[in-house]
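Beneath this line is the structure, given in structure tokens, with notes to follow.
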Amino acid sequence: SQGRRIPPPLSSKRGGTMEQKRRWKPWLYCVPAMLLILIVIVFPIAYTGWISLTNMNLYHWTDYEVIGLSNYARALFKFDSGFLSALGTTLVWTALNMVIQIGLGFLIALGLNAPGLRLKRVYKTLLMVPWAVPAYISILLWRVGMFNTEFGILNKLLVLLGFGKVDFLASNGIAFLSCMVLNLWMALPFMISTIDGALQSVDSSLYESATLDGAGFWTRTRSITVPTIRPIIAPAAVMTTFITFKQFDIIYLLTQQRGYMTGATLNTVITYAHQNAFASNNYGLSSAVSMLLFVIIILFSILTNRSLRED
């Protein structure tokens, strides 16, 4: 009859069902990964943020109370808390290491690509050794074999030259320089290999044209090499900056490891947070410092990503 509604064909129902399944299937595939991210990343960050708002410590392990932003205020505005000095040390540490890594790595990579240099592959292979050795082993080797007052190679050389022995890890200034030298030893091979790979991508015809125009080596480097490789090495430089900023093992193992305290009170933000958590057992303050570090890294990441997109 005219008032009776005609049911849709069965094929259209099946088509709609298949379309819904096709729409939800990718999300179902993502569920295991999303659960893993929630458990491994999101939950620890959220729990750390919660602990930072409490007075949890060794004496208030289960009966802790919410104290609001007191831990953040103590870290940021109490000068003798140690956080501001640790943050300043971290910024200086990161800036010096990155400037030297990029500058020295660029010069070494240029030398490895010099025309007529023999055994290039041998040199490049040997340069990768410090980066390939596990960090813990390298740090212990340098602590005992290089910086040790009695048995270290550096002090033996100083004695042979007629100088007195130097405790390279006893005071903050010389300990900072010693840690920086070791960090450069471990991190430079990666930067050199990255810049070396970028140099291989530069079109040699550009150099030939510039040479015919009378451009010298430094002019070609400034006008051709640097602008060409900058987009290639920028992501590696940003990643290395993050790694250097949150460096922990070098400073801790050289100066603060239990049973091998050297006398230096050098602290970065990471070692300061570790000290408050596992030495002072002040988990609330340590969590607050960790959250501040997390915010700093996120802000730096946003700024660097924006600058990379603009380039």
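Along the sequence shown, residues are numbered consecutively beginning with 1.
A donor and an acceptor atom, one from each side chain of Y207 and T225, are located under 3.5 Å apart. Side-chain contact of N155 with N148: a donor-acceptor pair under 3.5 Å is absent, judged by distance alone.
Ring planes of H274 and F278: tilted class, angle from 30 to 60°.
With sequence neighbours left out, the side chain to side chain donor-acceptor pair (under 3.5 Å) criterion links S52 to Y72. Residues satisfying the side chain to side chain contact (heavy atoms under 4.5 Å, CB included) test with V122, not counting sequence neighbours, are L119, L126. T125 meets the side chain to side chain contact (heavy atoms under 4.5 Å, CB included) test with no other residue; sequence neighbours excluded.
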Can you give me every donor-acceptor pair (side chain of residues 131-142, partner residue at least two apart or in another chain, under 3.5 Å) with its distance?
from: S138; atom 1: OG; to: P134; atom 2: O; distance (Å): 3.4

Could you pull out all donor-acceptor pairs under 3.5 Å where a side-chain atom in residues 166-194 meets a protein atom, sequence neighbours excluded?
from: D167; atom 1: OD1; to: L169; atom 2: N; distance (Å): 3.4
from: N172; atom 1: OD1; to: T265; atom 2: N; distance (Å): 2.7
from: N172; atom 1: OD1; to: T265; atom 2: OG1; distance (Å): 3.4
from: N172; atom 1: OD1; to: L266; atom 2: N; distance (Å): 3.1
from: N172; atom 1: ND2; to: T265; atom 2: OG1; distance (Å): 3.0
from: S178; atom 1: OG; to: F168; atom 2: O; distance (Å): 3.1
from: S178; atom 1: OG; to: I174; atom 2: O; distance (Å): 2.8
from: N183; atom 1: OD1; to: Q247; atom 2: NE2; distance (Å): 3.2
from: N183; atom 1: ND2; to: N97; atom 2: OD1; distance (Å): 2.8
from: S193; atom 1: OG; to: P189; atom 2: O; distance (Å): 3.1
from: S193; atom 1: OG; to: F190; atom 2: O; distance (Å): 2.8
from: T194; atom 1: OG1; to: F190; atom 2: O; distance (Å): 2.8

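Grouping the Ile, Leu, Val, Met, Phe, Trp and Tyr side chains by contacts below 4.5 angstrom, directly or via other members, places I39 apart from Y47. F43 and M56 fall within a single hydrophobic cluster, where Ile, Leu, Val, Met, Phe, Trp and Tyr are joined by side-chain heavy atoms under 4.5 Å apart, directly or via other members. With hydrophobic clusters built from ILVMFWY side chains whose heavy atoms lie under 4.5 angstrom apart, I51 does not share a cluster with L293. Linking ILVMFWY residues whenever their side-chain heavy atoms come closer than 4.5 Å, directly or via other members, leaves L199 and Y123 in distinct clusters.
Between F151 and V144, every side-chain heavy-atom pair lies at or beyond the 4.5 Å cut-off.
Separating the CD1 atom in I302 from the CD1 atom in I297 is a distance of 12.5 Å, to the nearest 0.5 Å. Considering NZ of K156 and CD of E150, their distance stands at 8.5 Å, rounded to 0.5 Å. Here the straight-line distance linking atom NZ of K120 with atom CG of L112 works out to 8.5 Å at 0.5 Å rounding.
Contacts classified as salt bridge (charged side-chain N to carboxylate O under 4.0 Å, His left out) and involving residues 200-223 (residues at least two apart or in different chains) are not found.
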| field | side chain to side chain contact (heavy atoms under 4.5 Å, CB included) between I108 and L127, worked out | value | CA-CA 10 Å; I108 295 176; L127 281 172; 4.1 Å; yes

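With a 6.0 Å radius and a threshold of 12 heavy atoms from other residues, nucleotides or ligands, M128 has its CE atom above the threshold.
Across all non-hydrogen atoms, the minimal contact from T241 to A237 is OG1-O, 2.7 Å.
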